[in-house]
Trainee: 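Can you keep this structure in mind? I'll have questions shortly.
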2 protein chains.
Amino acid sequence: MTVSKTAEKSAEKAAEATKGRKDPPEALAEALQLGELSEQLGYVLKRAQLKVFENFLRCVASLQLTPAQFSVLLLVEKNPGRNQTEIASTLGILRPNFVAMLDNLESRDLCARIRSTNDRRSHILVLTDKGKAVLARAKKLVASKHEARLNDLLGTANREALIAMLSKIANEF
Amino acid sequence: MTVSKTAEKSAEKAAEATKGRKDPPEALAEALQLGELSEQLGYVLKRAQLKVFENFLRCVASLQLTPAQFSVLLLVEKNPGRNQTEIASTLGILRPNFVAMLDNLESRDLCARIRSTNDRRSHILVLTDKGKAVLARAKKLVASKHEARLNDLLGTANREALIAMLSKIANEF
DNA sequence: CGATATTTGATATGGTCCATAACAATTATC
DNA sequence: GATAATTGTTATGGACCATATCAAATATCG
């Protein structure tokens, strides 16, 4: 609560410093110096991730799919007959949180839970025909709009190198 | 709610498919195929970001600093005399959400808000001496543990290339 | 000048995502 | 056959993010 003596002193200096350069009303505020921040991997990684997700959402807006939902559909398509625990855990989703996600996808008739005949505790996941169709359309949108954008920005070789490095970090860090 | 006919049929096939390979009790569950997922930028970006943040937290655990708090301290140190709105907006933090963050940092005597003499609405932000000391120690920990780890994994040249590409995405995507 | 609009920090609030505990049904273990 | 473990589920709380709103201070403009 109380401000230290030294903080007060440096604060006075800081307040003074702004006095001299009182901006004329229409002046643009000077951009802040990012400094070491622009070299911080976590910082730039987070900001890039937000931008990529944002762009992804725009590209598949017509299908109303989030990145997480897209990843579920992709994984179920590639691994039919797996149960909720298996799909969720490979995506890093906790089982309790996966329930609502599946409720959503199932209510939109994109995938279905089926009680396994082997183990009647587990639900086997399958894409519906509509789910397959929507996923196919999503893939096309992602390739033509989302990935194409990235290729324009970085070039194909760099894009592949980027994904390889990120995979390495995700798996071995 | 109701499962489509086609979904039921493919479900039967899926359930049957698992019947043949009922695992012997001690068998390891086969890893799922990621398929196209491992080529999805958003997916690998998100997972890499989580790993990096996790590692960052471990490296500076002794200082109890999150990546977001670290970025605030860095930016305030580099840009003394700026107000809350300026610091928050360059970090992509909304002003309302920045209040609690500053309450935290201020209660730990790492930074201080000072009413500006120019504009008595705004609070000028300054690092306290303790804040400067903690930030200096944090920088050393990050450099020696966090970044060093990344250099070991990718090599210095690749690390720089990675950060450059991520910056490009963050700024131009 | 003075009325109105804008800005700043702050509060309240709701949404989404993430994590843990607990439970019933089912299956595995011994 | 008693006990333990697993599966899907619910409930719940925390962290983070976004919007509306407010009082105080300042800017704008008649």
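These figures come from a predicted structure and were not determined experimentally. Throughout, a chain's letter reflects where its sequence line sits, starting with A, and its residues are numbered from 1.
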Trainee: Rounded to whole angstroms, how far apart are CZ on B:R120 and P on C:dG9?
Mentor: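 Result: 14 Å.
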Trainee: Between B:K139 and A:E36, does any side-chain N to carboxylate O distance fall below 4.0 Å?
Mentor: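 Yes, B:K139 and A:E36 are salt-bridged.
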Trainee: For A:R121 and for A:L102, locate the closest nucleotide of DNA chain D by heavy-atom distance; then report the residue assigned to the nucleotide nearer the 5' terminus.
Mentor: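 Its nucleotide being nearer the 5' end, the pick is A:R121.
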Trainee: What's the CG-P distance between A:L125 and D:dG8, to the nearest Å?
Mentor: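 To the nearest whole Å, that distance equals 8 Å.
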Trainee: Around atom CD of B:E172, are there more than 12 heavy atoms of other residues, nucleotides or ligands at under 6.0 Å?
Mentor: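 Count over threshold, so yes.
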Trainee: In terms of side-chain heavy atoms of A:K46, which of D:dC17, C:dA21, C:dA10 is nearest?
Mentor: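 Out of D:dC17, C:dA21, C:dA10, the nucleotide with an atom closest to A:K46's side chain is D:dC17.
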Trainee: Return whichever of B:N83 or A:T66 has its heavy-atom-nearest nucleotide of DNA chain C closer to the 5' end.
Mentor: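 On the 5' side of the pair lies B:N83.
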Trainee: Separation of B:L50 atom CG from D:dC16 atom P, in whole Å?
Mentor: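 Between P of D:dC16 and CG of B:L50: 13 Å.
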Trainee: How many whole angstroms separate atom CG of B:N104 from atom C1' of D:dC16?
Mentor: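 Between C1' of D:dC16 and CG of B:N104: 14 Å.
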Trainee: In this structure, how many angstroms lie between the P atom of D:dG14 and the CG atom of B:N97, rounded?
Mentor: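 Those two atoms, CG and P, are 17 Å apart.
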Trainee: Rounded to whole Å, please give me the gap between CG in A:D119 and C1' in D:dG8.
Mentor: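 About 11 Å, once rounded to whole Å.
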Trainee: Could you state the atom-to-atom distance from CG of A:L94 to C1' of D:dT12 in whole Å?
Mentor: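 Computing the A:L94:CG to D:dT12:C1' distance gives 14 Å.
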Trainee: Could you check whether B:F56 and B:F70 have their ring centres less than 6.0 Å apart?
Mentor: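 Yes: the rings meet the under 6.0 Å criterion.
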Trainee: When you measure from the side chain of B:Q84, which nucleotide among C:dT26, D:dT26, C:dG9 comes out closest?
Mentor: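 Per side-chain heavy atoms of B:Q84, the pick is C:dG9.
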Trainee: At less than 4.0 Å, is any side-chain N or O atom of B:S122 found next to OP1 or OP2 of C:dT7? Yes or no.
Mentor: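 Answer no for this pair, as no side-chain N or O of B:S122 is under 4.0 Å from OP1 or OP2.
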Trainee: What is the distance from CZ of A:R95 to P of C:dC23, rounded to the nearest Å?
Mentor: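 Atom-to-atom, A:R95 to C:dC23, this comes out as 19 Å.
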Trainee: Could you walk me through whether B:R47 and A:N171 pass the side-chain contact (heavy atoms from CB on, under 4.5 Å) check?
Mentor: CA-CA 9 Å; B:R47 299 206 76 129; A:N171 293 323; over 6 Å; no
